[in-house]
Amino acid sequence: MAATPLLELRGIDKSFGPVQVLHDVELSVYPGEVTALVGDNGAGKSTLVKCISGIYPIDAGTVTFDGKQVAIHSPRDASELGIEVVYQDLALCDNLDIVQNMFLGREKKRGIVLDEPTMEQMAGETLASLSVRTVKSLRQLVASLSGGQRQTVAIAKAVLWNSKVVILDEPTAALGVAQTAQVLELVRRLADNGLGVVLISHNMNDVFAVSDRIAALYLGRMAAQVKASDVTHSQVVELITGGRSGNLGLPPEKPTDFVEIMPGAEQ
Amino acid sequence: MAATPLLELRGIDKSFGPVQVLHDVELSVYPGEVTALVGDNGAGKSTLVKCISGIYPIDAGTVTFDGKQVAIHSPRDASELGIEVVYQDLALCDNLDIVQNMFLGREKKRGIVLDEPTMEQMAGETLASLSVRTVKSLRQLVASLSGGQRQTVAIAKAVLWNSKVVILDEPTAALGVAQTAQVLELVRRLADNGLGVVLISHNMNDVFAVSDRIAALYLGRMAAQVKASDVTHSQVVELITGGRSGNLGLPPEKPTDFVEIMPGAEQ
Amino acid sequence: ACGDDKSDDTATGSGTGAKAGKVGVILPDTKSSARWETADTKYLTEAFKAAGVEAEIKNAQGDKNSFQTIADGMIQSGVKVLMIVNLDSGTGKNVLENAKKAGIATIDYDRLTLNGGANYYVSFDNNEVGKLQGQGLVDCLTAAKAVKPVVSYLNGSPTDNNATLFKEGYDSVLKPKFDSGEFVKGPDDAVPDWDNAKGGTIFEQQLTKNPKIAGVLAANDGLGNAAIEVLKKNKLNGKVPVTGQDATVQGLQNILAGDQCMTVYKAIKKEADAAAELAIALAKGEKPTTATGTVTDPESKATVPSVLLKPEAITKENVKKVVDDGFVTKAELCTAAFADACTKAGIS
Amino acid sequence: MSTSTLETAGGVKVVKPTVASHFRDYWGRVRGGDLGALPAVLGLVILILIFGTARTDTFFSAGNFANLFNQAAGVIMIAMGLIFVLLLGEIDLSAGFAAGVCGAVMAILLTEHGVNQGLSLLAALATGVVIGLLLGYLVAKVGIPSFVVTLAAFLAFQGVLLNLLGEGKNISIPDGFIKSLNKDSLPVTWSWILAIGAVAVFALVQFLRYRGRAKRGLVTEPIGIMALRIAGLGALLLITTAILTQERAINPAIASLKGVPIAAPVIGGFLVLWTFVLGRTTYGRHVYAVGGNAEAARRAGIPVDLIRISVFVIGSFMAAVGGVMLVSRAGSVDPNTGGSTTLLYAVGAAVIGGTSLFGGKGKVIHAVIGGAVIAVIDNGMFLMDVSSGSRYMATGVILLIAAGVDALARRRAAATGNR
Amino acid sequence: MSTSTLETAGGVKVVKPTVASHFRDYWGRVRGGDLGALPAVLGLVILILIFGTARTDTFFSAGNFANLFNQAAGVIMIAMGLIFVLLLGEIDLSAGFAAGVCGAVMAILLTEHGVNQGLSLLAALATGVVIGLLLGYLVAKVGIPSFVVTLAAFLAFQGVLLNLLGEGKNISIPDGFIKSLNKDSLPVTWSWILAIGAVAVFALVQFLRYRGRAKRGLVTEPIGIMALRIAGLGALLLITTAILTQERAINPAIASLKGVPIAAPVIGGFLVLWTFVLGRTTYGRHVYAVGGNAEAARRAGIPVDLIRISVFVIGSFMAAVGGVMLVSRAGSVDPNTGGSTTLLYAVGAAVIGGTSLFGGKGKVIHAVIGGAVIAVIDNGMFLMDVSSGSRYMATGVILLIAAGVDALARRRAAATGNR
Ligand SMILES: Nc1ncnc2c1ncn2[C@@H]1O[C@H](COP(=O)(O)OP(=O)(O)OP(=O)(O)O)[C@@H](O)[C@H]1O
Ligand SMILES: Nc1ncnc2c1ncn2[C@@H]1O[C@H](COP(=O)(O)OP(=O)(O)OP(=O)(O)O)[C@@H](O)[C@H]1O
Ligand SMILES: O[C@@H]1[C@@H](O)[C@H](O)OC[C@H]1O
Ligand SMILES: [Mg+2]
Ligand SMILES: [Mg+2]
């Protein structure tokens, strides 16, 4: 923990109407490291990511970036700081093609005219480097892509830019064997280039393969943030499913406001 | 191969406009067995599933179900035959709640009135059995669910019914560790109950854990359909990424009409 | 060159040859009044047919764009005479100018196109229509011996220039009464698009605002009927006189029932005949002799040779006149419910 | 926050809700942007206050209150049908003139063919159904966008109406049952019987639902909330009835005028019917599903085309009902019946009430609330003394204010997180 | 199928397209449902054949052809602006009366204040921009649904127009530049210069694009296809010009009438401008993105609110242009300018052309094609001899046929797989 964190969250609370999803969450992302963010389904990982990137306003807490406290009100703010995100719900424009999606919001121009040839060339190179082999044309609408192809486009879109922090929310979920390997390699390469990388994944093999640090969310609370080398596979699974493992994790009392399935409250 | 297949495809062709996605595909699904359908991103797995379930009309080929040749023109036809599908692009109605989505198209009624209590009760039981623990209310709109929660709802929706064939397209992609285990167990249980199950997955561990038979698609062609016990992990990976492994798989010439990324053809 | 009555001559007249040229007629709409389709079209068609002159009669359906499109088409197809009922003076003027540029003779029918410079004008006097309505209401209120009656206005569409003229007419009669305190001025509202349903709501609200309303100046029979229905709901029909215009079957029936005090009858057959006569002469290349009157265009101050007919006030006493003229048939008017009233009114 | 838990369906532990927690949750939902019809109702209240202040004695009179029902009925009926069409993300531009055509069919049968009132009414409704089948077929089976189909129908029906009315005559309908529909009032006794009956049935339904859930061990809302809801509706209905059973004749000496306008139970009846259909039947569920995600609905085996046709049938059927109400009120049909702003107001009513033009989101009550907003604006505006130009402008601005209240409330709520 | 391959950007091997493969691909796309504007054009051709057969000498005259441009110009201009609004899934019901208001501002400045033609025109356009800012602000920032905002504006602008003009009045504009815009024609020489110039520029642009791609080693279409495209446009423009430069005065002795109507280059100019903006600029790309998936656009850092405001500005600006064209053609403004069916026709033009009401899908050319369909129907119908009622009906049916061709073509294509 010698380096100062590139991105630091403190005391983040977030509710949707009557439901509180994040409780007092802390998270530190260090430059040159991959931080894996793990947690059960519905733990709040994606919500946390969207709070960081300005999609959801936070109810309480502070975000510090590069040592300065910042207020992120929109994805635009986040990307101006140098935070790039691959969202779990990919958010591509189905009515645009691959190239158009990949450059959305940062189109290359010559004068006022879009520089399509340059964009097409860059897109082709990036996709090829991610082992995409079955796309018929870069001018195909993303609506007609397979699940894995969409995922790759979303990843390519985010890593094309010079950013300081890259957050990937389950980037390999839909990917094939070769593509997964490529993406994990890319993740490692980004960190090695000095970026702060946050990787969300349910796959423990992947997590241990690339990450330096592991943060475990449990029912909206940060159960533990540890070095990957300090914990075992099964410890992490315990943290995910129970919120604690040995002396790691949350105090044993279960948070009362997190009850289970509740049939019957009218919507 | 003693038993006769429950579902048998022969010579399936499928094109989208000028692009042919499936070439002369064969597939047999046996009762009481899990058939894993594997293949690279964009190989055509999801397209094949949608052809089976009547979402896409097929260009050529035959579908035999329970020994009889059938024509499936719509998902309704498929479900009347007893084929249930969990689609990769989940297709839930975001404006409906969990219970409403789970019973969509087969609502329980008392007279002409919807029997909400019964549906709510059944939904609650099914979800609980799939290790869903963080849903706040069964009356929550699915729009507000996490990725894994949506996935679980889609699975629960499909397995709630008495069907003969269940096809799951990457059902565990978004799931947590515990939930994945539950779903794999469920898949095995369905097969053990005599159903024919097709499981699509990129995760070789999962594939070998539950499947009896493995079918590998390569660039829209069926490269091989083999017993899981007859092949190794790495052989399957070779089939996926290269279309052949030793004397298994497609002839070595690469199909000419399947070229790689093609920048520049105007959309 | 004289047309020699080949009545089923279908050639698209280009104006050449010995026969009469074609006449184009553009009517305004179908919603402001039933007359354009039920009366004008019928009478004009008959008149041209009798003279063996080819005529094309089109209705612009209240759409100014269509109005011009029709004119373009007629000019293009080589009509020799263009007769229009403008939707407003602006577009009317424009169409007349286009026609003139193509060497076509023009007639303003029913509505004078201000500053439009048409060659002839045939009409009833719209201002006079308003005056008849005003006077009719005064007569009915006097007959009912109303004391300081509150009079409400249900004017025509604010976008219809005729409505403005009607209002000028009845204002000229009623304003002195208001000023003298003999009558009391009540609510005064225009009804968008002459929309009868809206007219009903507007009148209902006028009545809510001023329950003492004792007379209604409704600009035409449709609006009159809308007011009468509201009065019926309040069991005030027949007690509050209502005016109208156009001598529609509905209006006449309301008069027979005693719910409407009067309507204004524009003897459209005469108007149509007069206009057709002018047009026929022009189409044959003759100089018309029937336009003996003149009207001064208030804007351009030009004198337009005209045929001006007098609109007539119709009350219970002279409903018969309209039937005798053949404007409405007895069968239409004297349905079972009105058979008695018809007999009493002397219609047999 | 001491909460008691209970075990419920599927063996899952849940918190037992209390009246207090219920209110807390409600407030949380409101803060979270889940406002339902609240802001539209708020907009309506503000409108009423504006006009009530400006024209207290006329606007706030029993007579004016009663008139509102008649003034709004036509548009509300058409809007109710449009809600179904809008729920699928479709549009029906022809609803206004469809109302006119159906009304004309009825009037012609009544007058020129001497058909009796009941049959004429049925013929009008049947005409609506046929129109709906035609529109639905063209949209669902031929695949022409509904905007184009109904734009074509909008034009064609104007022609039909003109031709039906003999190129533009006005036809008066005779007195009778149909004419009373949107003109007369119920006798005072019947007014009370109906109001009290409605409250009783509502209470019974609420109670049965409560018992049904409790019996299965599902979470139930606190009895107190249920009681409050029943009391609320009761108060609303009974106060309304009390006002409407006052004498409101302009000149009671000539004729007495009291009782609930017949239009009120007609509106209420259709509101209950369609709310039931949308909320408690499979059909309604499927309408929402197709509107929310047609592809998902298709995959769930829902006959999407049939649903699509059916909403146009309901849309045109309700347009026919609306046409009957318009004709009943006007006592006559003319070539403009259902024309000018009728359609725009009907769609506007649905949207102002809270129904989305993009499908999947809407309730039948929106037609009533939105229709009331529009009727109140018209009603109030015509009580003021302004020129027609200014009236148009003021109507626009006031509409904007009413909708703005809604938007601002939702926006404020959205800022707290949920959108 | 012997294909030669080439190595292209990113070191990927691709098949080098030939003219034959290009046509094969095109046919594949057509069969696959990707029809573009083809069916709408087909519908238009069928319409022209219908009317041409029924009224050969009048419909197929140079004069009638020239008139079509003037008749369609207003609606096409308004529709072009609406395309931007529709691309975002929004609607602008007030565009018609906005056109009226802007036209009235111009007319009043021209006549009552003696302002010169250029300034008056600018004032009209500026009024459009201000209106657009207002509408956009209310939709994007206050958050009122555009249907409600523009319904309110529809009412309010009607009032503004009435107040500007004084009830029932109308204002004629003086002769001059503005009045020529949608009335007069270009001199014959200028007609030819413009047509030939346009073809030349088109050819140049095509060639430069080709060279740009080739230089980077990207796949290019075969030269033959490019040549065909240039020849096609050339033929269209030159034949049109040849027809329009014929003498078409009814009575050439009185005054000669030939040349391309000024309205044609005005339509063409705006078509090129907005097509360029939508297709070749960042702004246009962002409009499509917001229309396709507003949330994705927001996440990509696109200022969604600004884009939303901007489309209303463009919409109202083009409404102002449309207003100028309407006023120019009519030579006057009255309280109904931009009223009646103007708006419905403009939205209809966009939708018939192929633009979706749900956003994300549409092109500026759709306004022109759809506007032509509507203008041809109106033009042709008024050349026929039928009563008003029948005309309305026929117009509806013909509109349906034109749109039905489109729907059936797409449907047939969809049956082959892609939807
Ligand atoms: N817009 C919303 N409104 C209400 N509840 C929400 C909303 N978004 C998320 N939630 C709830 O918040 C919780 C956390 O969701 P989140 O998507 O952050 O989970 P996650 O950790 O990403 O899960 P997964 O691994 O399944 O993707 C879930 O219980 C979910 O239902
Ligand atoms: N509607 C469509 N139009 C055109 N091409 C399509 C369409 N749907 C799929 N494709 C193409 O067909 C190929 C197969 O897609 P499919 O979704 O079946 O792949 P998959 O095997 O399921 O891949 P993944 O593992 O990524 O889900 C892809 O190249 C894809 O781009
Ligand atoms: O006859 C009247 C006509 O002149 C006017 O323009 O519109 C309404 C009609 O009643
Ligand atoms: Mg997530
Ligand atoms: Mg797939």
Side-chain angles (χ1 to χ4, degrees), chain A residues 16 19 39-47 88-89 97 99 117 120-121 123-124 127-128 131-141 144-149 151-152 169-170 173-180 202-205 219-220 237 240-241 258-267, chain B residues 16 19 39-47 88-89 97 99 117 120-121 123-124 127-128 131-141 144-149 151-152 169-170 172-180 202-205 219 237 240-241 258-267:
Chain A
F16 293 112
V19 184
D40 212 345
N41 288 138
K45 305 180 293 300
S46 301
T47 304
Q88 186 178 15
D89 47 347
D97 66 30
V99 180
E120 194 165 323
Q121 196 174 27
L127 282 185
S131 280
V132 172
R133 301 182 309 151
T134 47
V135 172
K136 296 300 179 306
S137 156
L138 289 173
R139 291 303 180 180
Q140 197 173 345
L141 297 189
S144 70
L145 294 183
S146 83
Q149 290 166 340
Q151 182 78 52
T152 316
D169 194 351
E170 308 199 19
L175 297 188
V177 183
Q179 293 80 357
T180 301
H202 289 296
N203 187 317
M204 286 310 121
N205 295 330
L219 295 180
V237 172
I240 292 173
T241 49
F258 256 82
V259 292
E260 330 241 307
I261 295 182
M262 183 163 123
E266 287 284 306
Q267 78 196 66
Chain B
F16 293 113
V19 183
D40 212 345
N41 289 138
K45 305 180 295 297
S46 301
T47 305
Q88 186 178 16
D89 47 347
D97 65 32
V99 181
E120 194 164 324
Q121 197 173 27
L127 281 185
S131 282
V132 172
R133 302 181 309 154
T134 46
V135 172
K136 296 303 178 304
S137 155
L138 290 172
R139 292 303 181 180
Q140 196 173 347
L141 297 189
S144 70
L145 294 182
S146 84
Q149 290 166 342
Q151 182 75 269
T152 317
D169 195 352
E170 308 198 19
T172 60
L175 297 189
V177 183
Q179 293 81 358
T180 300
H202 289 296
N203 188 318
M204 288 308 121
N205 295 329
L219 294 180
V237 172
I240 293 174
T241 49
F258 256 83
V259 292
E260 330 241 305
I261 296 181
M262 184 166 122
E266 286 285 307
Q267 79 196 68

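Computed from heavy atoms alone, side chains included, the values below leave out hydrogens, waters and symmetry copies. Every chain is numbered from 1 and lettered A, B, ... according to where its sequence line falls, protein lines coming before strand lines. Just so we're clear, the structure is a prediction, and the values are computed from it rather than from any experiment.
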Review point. Who among A/Thr47, A/Val237, A/Leu175 has the most heavy-atom pairs with chain B under 4.5 Å?
Key: A/Leu175
Please give me the minimum heavy-atom distance between [X] and [Y], naming the atom from each residue.
| X | Y | answer |
| --- | --- | --- |
| B/Gly148 | A/Gln88 | N-NE2, 4.4 Å |
| A/Ala173 | B/Glu170 | O-OE1, 4.0 Å |
| A/Val177 | B/His202 | CG2-O, 3.9 Å |

Practice item. Would you give the length of the straight line joining atom OG of B/Ser146 to atom CG of A/Asp89, rounded to the nearest 0.5 angstrom? Key: 10.5 Å
Check your understanding: Between the main-chain N or O of B/Gly176 and the side-chain N or O of A/Asn41, is there a donor-acceptor pair closer than 3.5 Å?
Key -> yes
Practice item. Compare all side-chain heavy atoms of B/Gln179 with those of A/Asp40 and state whether any distance is below 4.5 angstrom. Key: yes
Check your understanding: Given a strict heavy-atom distance threshold of 4.5 Å, which part of A/Asn203 is in contact with chain B: side chain, backbone, both, or neither?
Key -> side chain
Study note, to complete from the structure: Turns out that what part of B/Asn205 lies under 4.5 Å from chain A's heavy atoms comes down to side chain
